[in-house]
Amino acid sequence: SLAMLRLKDVDDFLIFKGATGWSRKSACGYGSSLRAFFFYAEQRGWCKPGIAQGIISPTLYAHEGLPEGPRWEQIQQLLKGSEGSGAVAVRARAVLLLLAVYGLRSGEISRLVLSDFDWTAETFTVGHSKRGGTQKYPLQREVGDAILEYIRKARPRTSCRNLFLTLKPPYRGIGYTSLWRITSLRIEAAG
């Protein structure tokens with residue numbers, strides 16, 4: 001019963017859950033919820049006083065949830081694996097460079113259209129998925145060259161304005177699944 005519960009019981013529960021797979025973020029959230037519950041329970045006289053105040057959640061660090069990306073040497077190895085003059089390799093290289101250099105999301109890449117690129121000003125505009133709005137980026141030379149090579153040598157001639165297209169008719173913009181295939185196959189091949 002709540003009347004018999006001690007702070008050590010709550011601590012043991014949180015430690016047990018942490019040892020069985022809870023992330024620090026989950027433990028922190030549950031710790032906050034338990035603290036609020038026990039504060040209410042103490043006010044109602046359902047449990048001993050001091051439990052809420054004694055519940056300590058793990059510390060969350062500012063960048064703790066961010067995944068670690070690959071090292072630049074690994075990216076270069078990945079790009080080396082997409083060398084070639086075939087349409088599949090040329091498109092893959094342009095996609096991988098946009099991912100690696102600008103950190104774009106797959107949805108942002110799949111929504112790029114030809115008019116997003118200002119070749120005179122050497123910039124391109126991206127509609128952001130998560131935060132919304134658009135942002136203009138300077139077009140890094142290697143990325144621009146890869147995109148131009150794709151447009152000139154590999155992009156099918158069609159009225160579809162998406163930058164990256166399927167390589168077989170009916171031509172349409174590539175989606176998340178195609179982008180996942182383009183990247184995952186090469187990541188796997190690169191080890």
Side-chain angles (χ1 to χ4, degrees), residues 23-26 28-29 58-191:
S23 68
R24 289 160 49 86
K25 187 173 184 180
S26 295
C28 186
T59 304
L60 290 181
Y61 301 102
H63 302 292
E64 182 173 349
L66 295 177
E68 273 192 43
R71 294 183 317 276
W72 186 243
E73 298 82 39
Q74 292 172 312
I75 296 294
Q76 288 174 318
Q77 181 182 356
L78 184 64
L79 291 170
K80 196 172 198 166
S82 66
E83 289 176 348
S85 58
V88 172
V90 170
R91 180 183 66 180
R93 183 166 179 76
V95 166
L96 290 170
L97 279 166
L98 282 169
L99 289 166
V101 173
Y102 295 98
L104 299 181
R105 297 174 175 278
S106 58
E108 294 165 343
I109 290 176
S110 68
R111 285 192 306 272
L112 285 172
V113 293
L114 295 171
S115 59
D116 287 333
F117 291 82
D118 183 343
W119 297 104
T120 307
E122 296 181 354
T123 60
F124 70 106
T125 305
V126 174
H128 288 294
S129 304
K130 286 274 187 175
R131 63 179 181 231
T134 60
Q135 184 172 356
K136 192 175 281 202
Y137 291 94
L139 192 54
Q140 194 263 351
R141 183 160 198 84
E142 185 179 8
V143 178
D145 289 347
I147 292 170
L148 280 174
E149 182 181 15
Y150 163 71
I151 291 170
R152 290 180 182 145
K153 297 180 181 176
R155 187 179 182 278
R157 305 280 180 235
T158 178
S159 61
C160 182
R161 303 314 295 159
N162 289 70
L163 174 62
F164 295 109
L165 302 175
T166 57
L167 298 175
K168 294 179 183 173
Y171 301 119
R172 62 192 180 286
I174 61 173
Y176 307 112
T177 307
S178 296
L179 285 166
W180 181 83
R181 255 188 255 118
I182 288 169
T183 55
S184 66
L185 292 174
R186 282 158 184 82
I187 289 170
E188 209 172 284

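Nearest heavy atoms, Ala87 versus Ala154: CA-CB, 3.6 Å. Minimum interatomic distance between Gly173 and Leu165 (heavy atoms only, all atoms of both residues): N-CD2, 3.8 Å. What you find for Trp72 and Ala100 is that their closest heavy atoms are CZ3-CB, 4.2 Å. The two atoms that bring Gly84 and Val90 nearest to each other are O-CG2, 3.7 Å, heavy atoms only. Minimum interatomic distance between Arg155 and Asn162 (heavy atoms only, all atoms of both residues): NH2-O, 2.8 Å. Closest non-hydrogen pair, Arg91 versus Phe164, comes out as CG-CD2, 3.8 Å.
Between the CZ atom in Arg157 and the OH atom in Tyr171 there is a gap of 10.5 Å [rounded to 0.5 Å]. For the atom pair CG of Leu148 and CG of Leu139, the computed distance is 7.5 Å after rounding to the nearest 0.5 Å. Residue Glu188 holds its CD atom at 11.0 Å from OG1 of Thr183, rounded to the nearest 0.5 Å. Here the CG-CD1 distance, from Leu104 to Ile109, works out to 5.0 Å after rounding to the nearest 0.5 Å. Of the inter-residue distances, the one linking Glu122 atom CD with Phe117 atom CZ reads 12.5 Å to the nearest 0.5 angstrom. Separation of atoms CZ (Arg161) and CG (Asp116) is listed at 11.0 Å; rounding is to 0.5 Å.
Side-chain contact check for Leu179 versus Leu99: every heavy-atom pair is 4.5 Å or farther apart. Residues Glu108 and Leu112 form no side-chain contact, since every pair of their non-hydrogen atoms from C-beta on lies 4.5 Å or further apart. With a 4.5 Å cut-off on side-chain heavy atoms, Ile147 and Leu97 do not count as touching. Residues Leu78 and Gln74 have side chains not in contact (no heavy-atom distance under 4.5 Å, counting atoms from C-beta outward). Between Val95 and Arg186, every side-chain heavy-atom pair lies at or beyond the 4.5 Å cut-off.
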Do Ser178 and Arg181 pass the side-chain contact (heavy atoms from CB on, under 4.5 Å) test, and can you show the C-alpha distance, the side-chain angles, and the key distance before you say yes or no? CA-CA 5 Å; Ser178 296; Arg181 255 188 255 118; 4.2 Å; yes
Check against side-chain contact (heavy atoms from CB on, under 4.5 Å), Tyr102 and Val126: CA-CA 10 Å; Tyr102 295 98; Val126 174; over 6 Å; no
Give the intermediate values and the outcome of side-chain contact (heavy atoms from CB on, under 4.5 Å) for residues Arg93 and Glu142. CA-CA 10 Å; Arg93 183 166 179 76; Glu142 185 179 8; 3.0 Å; yes
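For Trp119, the CH2 atom is densely surrounded, since the number of other residues' heavy atoms within 6.0 Å is greater than 12. Within 6.0 Å of atom CD in Glu83, more than 12 heavy atoms from other residues, nucleotides or ligands are found, so the atom counts as buried in its surroundings.
Under a 3.5 Å cut-off, the side chain of Arg111 and the backbone N or O of Gly107 do form a donor-acceptor pair. Thr166 contributes a side-chain N or O that, together with a main-chain N or O of Arg172, makes up a donor-acceptor pair within less than 3.5 Å.
Relative orientation of the His128 and Tyr137 rings is perpendicular, given thresholds of 30° and 60° on the angle between their planes.
Applying the side chain to side chain contact (heavy atoms under 4.5 Å, CB included) test between Leu163 and each of Ile151, Val113, Ile174 identifies Ile151 as the sole match.
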